[in-house]
Amino acid sequence: MRVRKAVLPAAGFGTRFLPATKAIPKELLPLVDRPIIQYAVEEALASGIEQIIIVISTGRSAIEDHFDSNPTLERWLEERGDIEMLRHIRRISEIGPIAFVHQKEQLGLGHAVLMAKELVGDEPFAVLLSDDVMLNPGGPPVTRQLIDIHKAHRGSVVAVQRVPHAEVPRYGIVAPVREEGRLVEIGDLVEKPDVDDAPSELAVLGRYVLTPKIFDLLEQTQSGAGGEIQLTDAIKALMQEQPVFGYQFDGTRHDAGTRLGWLMANVSLALESEVAEEVRGYIRGLDLRD
Ligand code: G1P
């Protein structure tokens, strides 16, 4: 079955980026000229996804507003003759159909994904954590890469990449059984292990293609690391019933949910944008001596 739907959880507190995220969801922090979540939506669409489902927390409707039309702004831009920006603004609200589901309590990533159960139904789907910004200029988007692996191997697929050993406690870490090119056969999965207990340095990074069986398993998943219902734990249970692969994707990932990662994502994207020349000149002119 084709992967047509994508779930984008966007209901977290954004605690790693306070105070910037006190009133604004982290998914709306800008990268160059558009909010973080718009890059993930664009990646999903460029990967062949037809229906976007965004999980938001109750009372935080700014993300809905971003993807909604804004007739007053459009009229104003039209009157000023700013046709290029008008097109840009209209394109955002024409992305549809975007569905929004509410997560009433922040019980964890697994719980957020579970909120999309009814809208996804009985078909495989993608999950994109938008604060993991995946860049692969000139190549296939990371979500597309996972969909292709799902098609070829008929199982669930998680995006993995090696991270520095000291950073393993921040991630879901896989225990690889066998690696064949970019494909990883997974023996075990552990959410946020201690540095000394980590089975490898291969971290799960923000992109998944999952079979709908995951929803039954999420319903049975008890809270795990950090007292939260973890997607990783449900995937681990899924592995007992169906194949789950890791895929060492082609591309660069920035963790835009942290200050440093956000700054790096901005620099990388700016160097690909229409202000690239000016940014390059600015960086060259910086005094980088210690
Ligand atoms: C989540 C997942 C974790 C994964 C990470 C990737 O953690 O639970 O398995 O490695 O995203 O960014 P979070 O960043 O929400 O703590």
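All heavy atoms count here, side chains included; hydrogens, waters and symmetry mates do not. Being a predicted model, the structure only gives us computed values, none of them experimental.
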Tell me, please, which residues at least two apart from T15 pass side chain to side chain contact (heavy atoms under 4.5 Å, CB included). F13, L18

Sorted by chain and number, sequence neighbours left out, side chain to side chain contact (heavy atoms under 4.5 Å, CB included) with L288 holds for L286

So does [X] have more than 12 non-hydrogen atoms from other groups sitting under 6.0 Å from [atom1]?
| X | atom1 | answer |
| --- | --- | --- |
| Q220 | CD | yes |
| R182 | CZ | yes |
| D197 | CG | yes |

Step-by-step side-chain contact (heavy atoms from CB on, under 4.5 Å) determination, I186 to V158: CA-CA 10 Å; I186 302 177; V158 300; 4.0 Å; yes

Could you pull out all residues at least two apart from [X] that satisfy salt bridge (charged side-chain N to carboxylate O under 4.0 Å, His left out)?
| X | result |
| --- | --- |
| D290 | none |
| R178 | E180, E185 |
| E42 | R34 |
| E84 | none |

For residues 124-141, tabulate all N or O donor-acceptor pairs below 3.5 Å that involve a side-chain atom, not counting sequence neighbours.
from: D131; atom 1: OD2; to: K26; atom 2: NZ; distance (Å): 2.7
from: D132; atom 1: OD1; to: R253; atom 2: NE; distance (Å): 2.7
from: D132; atom 1: OD1; to: R253; atom 2: NH2; distance (Å): 2.8
from: D132; atom 1: OD2; to: G206; atom 2: N; distance (Å): 3.1
from: N136; atom 1: ND2; to: P140; atom 2: O; distance (Å): 2.7
from: N136; atom 1: ND2; to: D250; atom 2: O; distance (Å): 3.3

Residue set satisfying side chain to side chain donor-acceptor pair (under 3.5 Å) with H254, at least two apart, ordered chain then number -> S268

Please collect all salt bridge (Lys or Arg N to Asp or Glu O under 4.0 Å) contacts where either partner lies in residues 221-236, sequence neighbours excluded, each pair once. D188-K236

Enumerate the salt bridge (Lys or Arg N to Asp or Glu O under 4.0 Å) contacts for residues 146-158, please, sequence neighbours excluded, ordered by first and then second residue. R144-D148

What residue among R162, Q161, H165 forms side-chain hydrogen bond (donor to acceptor under 3.5 Å, both in side chains) with E201? H165

Can you list every ring-ring contact (aromatic ring centres under 6.0 Å, His included) pair that touches residues 38-59, not counting sequence neighbours? none

May I have the list of side-chain donor-acceptor pairs in residues 274-284 shorter than 3.5 Å, sequence neighbours left out?
from: E277; atom 1: OE2; to: R280; atom 2: NH1; distance (Å): 2.8

